[in-house]
Number of protein chains: 2
Amino acid sequence: MERRTLTEQVLEALRKAILEDRYPPGTELQEVALADSYGVSRGPIREALNRLSAEGLVTIRPRRGAVVTGLSKQEFLEAYQVREALEVLAVKLTVERADDELVAQLEQYVSDMDEAAAADDIDSFFDLNSSFHKEFIEASGNRRLQEVHAQVIGTMGRYRRRSLVLRGDLRPSIEEHRQIVEAVRKGDPDEAAELLAHHISVPQKRLLELTEAEFAKDFNSAEVPFATTAKEL
Amino acid sequence: MERRTLTEQVLEALRKAILEDRYPPGTELQEVALADSYGVSRGPIREALNRLSAEGLVTIRPRRGAVVTGLSKQEFLEAYQVREALEVLAVKLTVERADDELVAQLEQYVSDMDEAAAADDIDSFFDLNSSFHKEFIEASGNRRLQEVHAQVIGTMGRYRRRSLVLRGDLRPSIEEHRQIVEAVRKGDPDEAAELLAHHISVPQKRLLELTEAEFAKDFNSAEVPFATTAKEL
DNA sequence: TGGATGTTAACTGTCAACACTTGCTGCTGT
DNA sequence: ACAGCAGCAAGTGTTGACAGTTAACATCCA
């Protein structure tokens, strides 16, 4: 019947649910409840939770169950720093292997972002933004880098809609993207790296200005005071 | 009796065994065999293997069991690139927070390395070298960076004794370390970062010169042609 | 002899039941 | 009232058994 294993199916479904914010940070993921709703036994659920914990999406407290991981301001900032280092590496590697096709693809993303911004279509904008950055990672040709980056992004990505406040006006962001593409076309790895580093540092600096409380308000609203429990699906 | 969970104990024992090369790359880790030797049921074994797979130490092939992960030359090179990016970030962050105590600690490591090299004590040298680099990661104050770095190092670390061939003479390496410490003391993040990048790039360049076959010979001797099966302990 | 096919042993995927912790609730005594 | 303790309910940790798949071996037919 099903080619894939139950664990994989559950894993995918849970990951999707967490990334789409249907299980917000702080949600308790109880094995029996999940087993009931997915119609499987606790075994596959436990395995899936284990792997999600390795991805950083859930935290397992021994003998006390699993909860959807929430990032503090400090942790979010730390993730940003790592992400910056990884993407700077990616862009350096990519510039050396860039071809016309890649440049065209990147330009396409930028102009699509332009349209999305003009239409105030925030969701599309962020999707395009993610694709733009991911393009560098994949074009780098370094699979390990892809894995590690996906992991870091995974824990941050859940917040992306809320993080509009960090980015502020979209137009400067698009212009920054455009400059990065230009540096890639010129084949200047150092300039591209510097531009990218600056681009990523913008929301980082905004983040620093927020107090922990303001951060919690915008980013972890579901975490306090009563943690909801995962139900159904 | 035991405060910790069985899974954790098995996890730790397995990880140690892999890192110490008692289970060389390519070793098949069969659940029943491991369960017998550790005196537990398959449940904890499966969980431990899952987590190890997340750490990159073992590879799980659906329905075909787990094997100790081996790195190809390409994968090893990719890991080196990521490691370089992470450590460069670490050193930049660390320089800004460095105090006299840290500098003293780093100098201690360097002089100990000097002694170990003079006594031809390769094992001690590599231990000290690991500690030196790890010191930056921990001093950076970025926990996420620590996690990711530990993950990347974990898959590379198993090869460290074999990788002496990549480093060649130990004396230049020690001198490089000394220069890095000096830059940290001066509080110059860019110089420290550049020195560290150069330091890490040395074995990378050597690695590039090896053919895939030479690499496999020195680094993955246990992977071909007959994979051994894990037994006892 | 060589290749395709049936058979079988070994192993993983999954399940349901049991044991043990943990945190809560309500009692008791002061 | 309130602190402390006992009992209880809920949930995780662990186990052993069963089912399904894989891969190797033996067998059969050209």
Side-chain angles (χ1 to χ4, degrees), chain A residues 1-15 18 23 26-54 57-69 223-233, chain B residues 1-15 18 23 26-54 57-69 223-233:
Chain A
M1 301 295 174
E2 267 295 348
R3 253 4 264 162
R4 295 179 318 163
T5 186
L6 282 182
T7 299
E8 288 172 12
Q9 297 178 47
V10 171
L11 175 63
E12 193 170 319
L14 276 178
R15 181 162 40 211
I18 293 175
Y23 295 162
T27 305
E28 292 192 19
L29 299 172
Q30 300 187 347
E31 297 176 4
V32 279
L34 291 173
D36 283 350
S37 40
Y38 284 94
V40 299
S41 81
R42 284 174 52 217
I45 301 287
R46 279 181 73 88
E47 289 207 23
L49 289 177
N50 258 315
R51 300 201 194 174
L52 287 174
S53 123
L57 290 181
V58 313
T59 303
I60 292 182
R61 308 160 300 179
R63 280 176 231 282
R64 296 182 50 206
V67 298
V68 178
T69 306
E223 205 167 7
V224 283
F226 300 106
T228 52
T229 294
K231 272 188 312 203
E232 69 173 298
L233 176 95
Chain B
M1 298 295 177
E2 268 295 347
R3 265 347 277 160
R4 295 179 318 162
T5 189
L6 283 181
T7 299
E8 289 172 19
Q9 299 178 45
V10 171
L11 175 64
E12 193 170 319
L14 276 178
R15 180 162 40 211
I18 293 175
Y23 296 161
T27 305
E28 293 192 18
L29 300 172
Q30 300 187 349
E31 299 177 2
V32 280
L34 291 173
D36 283 351
S37 40
Y38 285 93
V40 299
S41 80
R42 282 175 51 217
I45 300 287
R46 280 180 71 88
E47 289 203 16
L49 288 177
N50 258 311
R51 300 202 194 174
L52 287 174
S53 121
L57 290 182
V58 311
T59 303
I60 292 181
R61 308 161 299 179
R63 279 177 232 282
R64 296 183 50 208
V67 298
V68 178
T69 305
E223 206 167 6
V224 283
F226 299 107
T228 52
T229 295
K231 276 188 307 198
E232 69 174 299
L233 175 95

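Throughout, protein chains are lettered first and strands after them, A, B, ... in sequence-line order, and every chain is numbered starting at 1.
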> Could you state the CD-P distance from A:Glu31 to D:dT14, rounded to the nearest angstrom?
Replying inline: 11 Å

> Does B:Thr59 reach the main-chain N or O of B:Thr69 with its side chain, forming a donor-acceptor pair under 3.5 Å?
Replying inline: no

> With respect to the phosphate group of C:dG13, does any side-chain polar atom (N or O) of A:Thr7 fall under 4.0 Å of OP1 or OP2?
Replying inline: no

>> At 4.0 Å (heavy atoms only), tell me whether A:Arg46 reaches a base, stays on the sugar-phosphate, or touches nothing.
In response: base

>> Looking at D:dT21, I'd like to know if its phosphate oxygens (OP1 or OP2) sit under 4.0 Å from a side-chain N or O belonging to B:Arg64.
In response: no

>> Return the CD to CD1 distance between B:Gln30 and B:Ile45, rounded to the nearest 0.5 Å.
In response: 12.0 Å

> In whole angstrom, what separates B:Glu28's CD from D:dA23's P?
Replying inline: 11 Å

> Atom CG of A:Leu11 and atom P of C:dT14: how far apart are they, to the nearest Å?
Replying inline: 12 Å

> Among C:dT22, D:dT14, D:dA23, which nucleotide sits nearest the side chain of A:Arg63?
Replying inline: C:dT22

> Whole Å only: how far is the CG atom of B:Leu29 from the C1' atom of C:dC11?
Replying inline: 14 Å

>> OP1 or OP2 of C:dT12 versus the side-chain N and O atoms of A:Thr5: is any pair under 4.0 Å?
In response: no

> Whole-Å distance between D:dT15 P and B:Tyr38 OH?
Replying inline: 15 Å

>> Rounding to an integer number of Å, can you tell me how far A:Leu49 CG sits from D:dG13 P?
In response: 10 Å

>> Within the 4.0 Å heavy-atom criterion, would you say A:Gly65 contacts the bases, only the backbone, or no part of the nucleic acid?
In response: sugar-phosphate

> Which nucleotide in the list C:dC11, C:dC15, D:dT15 gets nearest to the side chain of A:Pro44?
Replying inline: C:dC15

> About how many Å separate CG of A:Leu29 and CG of A:Leu52, when rounded to the nearest 0.5 Å?
Replying inline: 8.0 Å

> Quick one: which of D:dG11, D:dG13, C:dT12 gets closest to the side chain of A:Gln30?
Replying inline: D:dG11

>> Assuming nearest nucleotide by heavy-atom distance, tell me which of A:Pro62 and A:Leu6 is located more 5' along DNA chain C.
In response: A:Leu6

> With respect to the side chain of B:Arg42, which nucleotide from C:dG23, D:dT14, C:dG13 is positioned closest?
Replying inline: C:dG13

>> Output the rounded distance in Å from CD (B:Glu47) to P (C:dT12).
In response: 16 Å

>> From C-beta outward on B:Val40, which listed nucleotide comes closest to its side chain: D:dT15, C:dG13, D:dG13?
In response: D:dT15

> Nearest to the side chain of A:Ser41 - D:dT12, C:dA16, D:dT22?
Replying inline: C:dA16

> Judged by atom type as modelled, is there a donor-acceptor pair below 3.5 Å linking the side chain of A:Thr7 to the main-chain atoms of A:Ala48?
Replying inline: no

>> If I take atom CD1 in residue A:Ile60 and atom C1' in nucleotide D:dG13, what distance separates them, rounded to the nearest angstrom?
In response: 12 Å

> Atom CZ of B:Arg4 and atom CG of B:Leu11: how far apart are they, to the nearest 0.5 Å?
Replying inline: 9.5 Å

